[in-house]
Amino acid sequence: QVQPVESGGGRVQPGGSLRLSCAAANIFSFNVMAWYRQPPGKEREFVASITRAGSTNYADSVKGRFTISRDNAKNTVYLQMNSLKPEDTAVFYCNANDGLYVYWGQGTQVTVSS
């Protein structure tokens, strides 16, 4: 498949944790894999990214709380989210870029509330 597929979303209390997964065929062929999110009523925003070499970048709002990683053997990128806050509530999207085209997943809902 070309389109990434996200999973692992759900509802969690503030301070809790979730791990999101993004499955994409031949994941090593992509220059960059990334996570974006779109809160209700707001525009989509960058969350984290990882390159083929394993270097990572994070939005300031998630630094120290979120960790992006990849498992090439499983064709999967992960987003470990700890110390979740209500403002993290959003639809999270997986993004894959091969240098010429960009591919988006359909999203997975993350809701943080008490």
Side-chain angles (χ1 to χ4, degrees):
Q1 63 186 27
V2 175
Q3 183 180 39
V5 179
E6 305 96 336
S7 62
R11 181 180 294 273
V12 66
Q13 294 184 346
S17 299
L18 285 173
R19 189 177 76 161
L20 305 183
S21 299
C22 172
N26 299 315
I27 195 169
F28 194 75
S29 67
F30 295 104
N31 296 331
V32 181
M33 298 290 295
W35 287 95
Y36 287 73
R37 67 186 182 187
Q38 186 167 19
K42 299 181 180 180
E43 65 182 17
R44 192 172 300 181
E45 64 182 15
F46 170 80
V47 175
S49 66
I50 186 167
T51 69
R52 286 179 294 187
S55 61
T56 59
N57 284 302
Y58 297 92
D60 288 341
S61 60
V62 306
K63 286 182 178 178
R65 300 189 298 121
F66 291 10
T67 302
I68 188 171
S69 61
R70 69 194 303 163
D71 187 333
N72 292 331
K74 296 182 178 180
N75 283 324
T76 302
V77 171
Y78 303 98
L79 184 68
Q80 178 66 47
M81 305 185 295
N82 299 325
S83 301
L84 284 162
K85 305 174 181 179
E87 50 264 44
D88 293 319
T89 295
V91 178
F92 281 70
Y93 296 91
C94 184
N95 172 276
N97 190 303
D98 65 7
L100 293 175
Y101 303 100
V102 62
Y103 306 92
W104 291 96
Q106 293 184 318
T108 185
Q109 177 71 49
V110 172
T111 302
V112 185
S113 64
S114 59

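For the numbers below, each heavy atom of this structure counts, side chains included, while hydrogens, waters and symmetry mates do not. FYI, the numbering just counts along the sequence from 1. Keep in mind the model is a prediction, meaning the values are calculated, not measured.
- Residues Q80 and S69 have side chains not in contact (no heavy-atom distance under 4.5 Å, counting atoms from C-beta outward).
- Looking at heavy atoms from C-beta onward, Y78 lies out of side-chain contact with R70 at the 4.5 angstrom threshold.
- Taking both residues in full, the closest heavy atoms of P4 and C94 are given as CB-SG, 3.9 Å, listed atom of the first, atom of the second, then distance.
- Hydrophobic clustering, with ILVMFWY side chains joined whenever heavy atoms are under 4.5 angstrom apart, keeps V32 apart from F30.
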Applying side chain to side chain contact (heavy atoms under 4.5 Å, CB included), run through F28 and R52 and close with a yes or a no.
-> CA-CA 6 Å; F28 194 75; R52 286 179 294 187; 4.3 Å; yes
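- When all heavy atoms of L100 and N97 are compared, the closest pair comes out as N-OD1, 4.3 Å.
- The cationic group of R44 lies under 6.0 Å from the six-membered ring centre of Y93 and within 45° of the ring axis, placing it in a cation-pi geometry.
- D98 places a side-chain heavy atom less than 4.5 Å from the side chain of Y103.
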Stepwise side chain to side chain contact (heavy atoms under 4.5 Å, CB included) check, T111 with V12 = CA-CA 6 Å; T111 302; V12 66; over 6 Å; no
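- Annotation: ring pair (Phe, Tyr, Trp, His ring centres under 6.0 Å) contacts involving residues 32-68, sequence neighbours excluded, comprise Y36-F46, Y36-W104.
- Residue Q106 places its CD atom among 12 or fewer non-hydrogen atoms of other residues, nucleotides or ligands, all under 6.0 Å distant.
- Under the 4.5 Å side-chain contact rule for hydrophobic residues, M33 and Y101 share a cluster.
- Proximity of S113 to P14: side-chain heavy atoms (C-beta onward) are nowhere separated by under 4.5 Å.
- At a threshold of 4.5 Å between non-hydrogen side-chain atoms, the residues L18 and L84 count as touching.
- Here the options are V91, L20, L79, T89, the test is side-chain contact (heavy atoms from CB on, under 4.5 Å), and the partner is V110; only L20 passes.
- No more than 12 heavy atoms of other residues, nucleotides or ligands sit less than 6.0 Å from atom CD of Q13.
- A heavy-atom distance below 4.5 Å is found between the side chains of I68 and V77.
- Under a 4.0 Å N-O distance rule, the pair D88/K85 does not qualify as a salt bridge.
- Minimum interatomic distance between S83 and S17 (heavy atoms only, all atoms of both residues): N-OG, 4.3 Å.
- Once rounded to the nearest 0.5 Å, the distance linking CD1 of I50 with CG of N31 reads 13.0 Å.
- Atom OG1 in T51 sits 8.5 Å away from atom CG in N57 (nearest 0.5 Å).
- Contact of the E45 side chain with the R37 side chain is registered, since non-hydrogen atoms from C-beta on lie closer than 4.5 Å.
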Take Q109 and F92, measure what side chain to side chain contact (heavy atoms under 4.5 Å, CB included) needs, and give me the verdict at the end.
-> CA-CA 6 Å; Q109 177 71 49; F92 281 70; over 6 Å; no
